[in-house]
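Notes follow once the structure below has been shown.
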Amino acid sequence: MSFKNIVREFRVKNKYKGIGRRGRSHIAPEGSSLSSSSLLSANEGLNQSIWVDLPPELLLDIIHRIESGQTLWPARRDVVACASVCRSWREMTKEVVKVPELSGLLTFPVSLKQPGPRDAPIQCFIKRERATGIFRLYLGLSPALSGDKSKLLLSAKRVRRATGAEFVVSLSGNDFSRSSSNYIGKLRSNFLGTKFTVYENQPPPFDRKLPPSMQVSPWVSSTSSSYNIASILYELNVLRTRGPRRMQCIMHSIPVSAIQEGGQVQSPTEFINQGKKKKKPLMDFCSGNLGEEFVVKEPLVLKNKSPRWHEQLQCWCLNFKGRVTVASVKNFQLVAAAAEAGKNMNIPEEEQDRVILQFGKIGKDIFTMDYRYPISAFQAFAICLSSFDTKPVCE
C-alpha cells in the first residue's frame, strides 16, 4: 500500500474530511473545530487502531516520506492530516516538519507567526474585494499561475471608525469575530492614516516575567487582550514635494540583533486558543497594558527603499525583479534601517541591501507580497494592509 493510500484510508476511518476539503480552505487553527486538539477527543474510542500502535521507527519513516514528497498545497494537507490522527502522530509530525525559516514551507497555522526563510522569500499575493472591504492573502506566485490551487493563508476585513480604520485579521475567509478561534490580530490606524499599530492576540515568546506591579489577578480575563508588536509610520507630505511615500516600521517584538551575525528571532511554537471562554471573570482588561512589557530594548527598524527617478519614463522606479507590473503609489520595498535617531545599529552592509518585504500591484485589485526572515507572514500582511488605507497627507 502506498503512503498516499495510507493517509487516504486514515481520513475515511477517522472522518477527518474537513481538513482536506476543496474550495475555500484555510489553515485550520489548532483551537478550532478542525484542530488536532478537538480531534483527539473524537479519537479516544479508536485507541485500538493499527495506526496508533505503529512502531515509532516505522511511523517516523512514513511521516518523513509524506513530508518530503508533499511540498506544495493542496497536496501538503496530507502532512496536516498526519498530525490530526492522535497525540503520538502529532508529536512525531511536529518533530519532522521544520519551521519556515529552515524549510521555506508553511504547514501549520503557527507557521504564519514564525519568521520566513533566510535564503529566498516566500511568495504570496493579495486579492482585494472593494465591495466588502475584505483582503485575502494566498500562497503562490499569482492567481493566473496558481488558479484554484491557491492556498488561503489569512484574511482581513476593514472596519471604518470615527477615529480611523481598523483591519481585523483572521485565519478564515469569512469569520472575523474577535471571540472566534480564527482571530489572530488586528491593525489600527490614527485619524490621518499616518500611524498604524499592529496587535497580536498572544504575547511574543520572550523569556521574561512581569514585575509584581504588572501581574494580573486571576479574576481578570486576558482572553481579550492584545499585544503591540509593531508600529508603522508614514511621513507627512502635505505639499507633495517629497516624491513617493516614505514609511518606517518599528518591530517591537524583533530585536535588531536578529539580523546581525548569529542572531535569532524567538518565535511561537503553538497557537494559544483565545476563542475558548472560561468562567466569566469579574472584570476584563483591554489591549495595550501588557504590550509595553514585551517590547525589546533595541527593536528592528525597517524603512522603505528609496526609488530612483527614471528620466525616460518620467516616474519613480524600483527593481521588483518582475514581481510587480503596474505602477502604483502603494508599491514599496522594505530594508533594515542602518541608523535610527542618530544611533548606528551595526547592521552588516549585505543586510542593509537585502529586501525583507516587497509589495506591489500586478492587476486590478491583485497585489504580490514577498517576505523573508526575520518577519512572519502575519507581520508582513499587516504592514501591506496599511498601504491600502487612505493617506491624503502622505502622498
Could you check F381 against L187 for side-chain contact (heavy atoms from CB on, under 4.5 Å), going step by step and ending with a plain yes or no? CA-CA 10 Å; F381 186 45; L187 174 73; over 6 Å; no
Nearest 0.5 angstrom please: S387 OG to N304 CG, how far? 10.5 Å
For the CG atom of L318 and the CD atom of Q333, what is their distance to the nearest 0.5 Å? 5.0 Å
With a 3.5 Å distance limit and no angle check, can you tell me whether N331 reaches the backbone of V326 through a side-chain donor-acceptor pair? yes
Any sub-3.5 Å donor-acceptor pair from K297's side-chain atoms to P255's backbone N or O? no
Can you find a pair of side-chain heavy atoms, one from L334 and one from M247, that are under 4.5 Å apart? yes
Test L112 against L106 for side-chain contact (heavy atoms from CB on, under 4.5 Å), laying out the working first. CA-CA 7 Å; L112 301 174; L106 299 176; 4.2 Å; yes
Test question: given the 4.5 Å side-chain rule for I, L, V, M, F, W and Y, name all other residues clustered with I366, or answer none. I362
Evaluate side-chain contact (heavy atoms from CB on, under 4.5 Å) for F332 paired with L357, printing each intermediate quantity in order. CA-CA 8 Å; F332 66 81; L357 170 64; 4.0 Å; yes
Between V265 and P374, which heavy-atom pair has the shortest distance, and what is it? CG2-CB, 3.7 Å
With a 4.0 Å cut-off, would you call R76 and E67 a salt bridge? yes
Check ion pair D389-R160 (N to O, under 4.0 angstrom): yes
Atom pair CG/OH of N228 and Y199 - distance to nearest 0.5 Å: 5.5 Å
Indicate if V256 and I356 have the same hydrophobic cluster label, given that clusters are the connected sets of ILVMFWY residues with side-chain heavy-atom separations under 4.5 angstrom. yes
If we check side chain to side chain donor-acceptor pair (under 3.5 Å) with E200, which of these qualifies: K113, K186, Q379? K113
Restricting to non-hydrogen atoms, name the atom on R130 and the atom on D365 that form the minimum distance, rounded to 0.1 Å. NE-OD1, 2.9 Å
Between S267 and E101, is any pair of side-chain heavy atoms under 4.5 Å apart? no
F320 side chain reached by D370 side chain, heavy atoms, under 4.5 Å: no
Value rounded to 0.5 Å, distance of CE in M369 from CD1 in I383: 9.5 Å
For side-chain contact (heavy atoms from CB on, under 4.5 Å), just list the numbers for F367 and C384, CA-CA rounded to whole Å, side-chain angles, deciding distance to a tenth of an Å, and then say yes or no. CA-CA 10 Å; F367 304 79; C384 293; over 6 Å; no
If Ile, Leu, Val, Met, Phe, Trp and Tyr residues are connected whenever their side-chain heavy atoms lie under 4.5 Å apart, and connections chain through other members, are V79 and L54 in the same group? yes
Taking CD in E261 as the centre, count heavy atoms belonging to other residues, nucleotides or ligands within less than 6.0 Å. Is the count above 12? no
Can you give me the closest heavy-atom contact between F191 and A162, atom names plus distance? CD1-O, 3.6 Å
V99: which other cluster members, linking ILVMFWY side chains closer than 4.5 Å, directly or transitively? L102
Could you report the tightest heavy-atom contact between S177 and Y183, atom names first, then the distance? O-CB, 3.5 Å
With a 6.0 Å cut-off (strictly less than), is the heavy-atom count around NZ of K127, excluding the residue itself, greater than 12? no
With a 4.0 Å cut-off on N to O distance, would you call R136 and E129 a salt bridge? yes
When you compare the side chain of R87 with that of R90, does any pair of heavy atoms fall below 4.5 Å? no
Can you find a pair of side-chain heavy atoms, one from T269 and one from V110, that are under 4.5 Å apart? no
Closest heavy-atom pair, A156 versus L385, reported as atoms and distance to 0.1 Å, is CB-CD1, 3.5 Å
Nearest 0.5 Å, what's the CD1-NE2 distance between I250 and H252? 5.5 Å
Distance in Å, I184 CD1 paired with Q202 CD, rounded so as to fall on 0.5 Å steps: 9.0 Å
Whether the side chain of T194 engages the backbone of N190 through a donor-acceptor N/O pair (distance < 3.5 Å, no angle test) should be reported. no
Hydrophobic cluster membership, with links at side-chain heavy-atom distances under 4.5 Å among I/L/V/M/F/W/Y: are I122 and I259 in one? yes
Main-chain N/O of A165 paired to S189 side chain as donor or acceptor, under 3.5 Å: yes
State plainly whether one hydrophobic cluster holds both V324 and Y371, where clusters connect Ile, Leu, Val, Met, Phe, Trp and Tyr through side-chain heavy atoms under 4.5 angstrom apart. no
Measure the acute angle between the ring planes of Y234 and F196, then classify it against the limits of 30° and 60° as parallel, tilted or perpendicular. perpendicular
Between T368 (side chain only) and R323 (backbone N and O only), is there a donor and an acceptor less than 3.5 Å apart? yes
Answer with yes or no whether the hydrophobic clustering places L139 together with I375; edges join I, L, V, M, F, W, Y residues whose side-chain heavy atoms lie under 4.5 Å apart. yes
Kindly check if the number of other-residue, nucleotide or ligand heavy atoms within 6.0 Å of NZ (K195) is above 12? no
Once the angle between the rings of F135 and F388 is folded into 0 to 90°, is it parallel (under 30°), tilted (30 to 60°) or perpendicular (over 60°)? tilted
Quick one: does M92's side chain get under 4.5 Å of L60's, heavy atoms only? yes
List, by chain and number, the other hydrophobic cluster members for V335, where Ile, Leu, Val, Met, Phe, Trp and Tyr join if side-chain heavy atoms come within less than 4.5 Å, directly or indirectly. V355
For L171 versus L154, what's the shortest heavy-atom pair and its separation? CD2-CD2, 3.8 Å
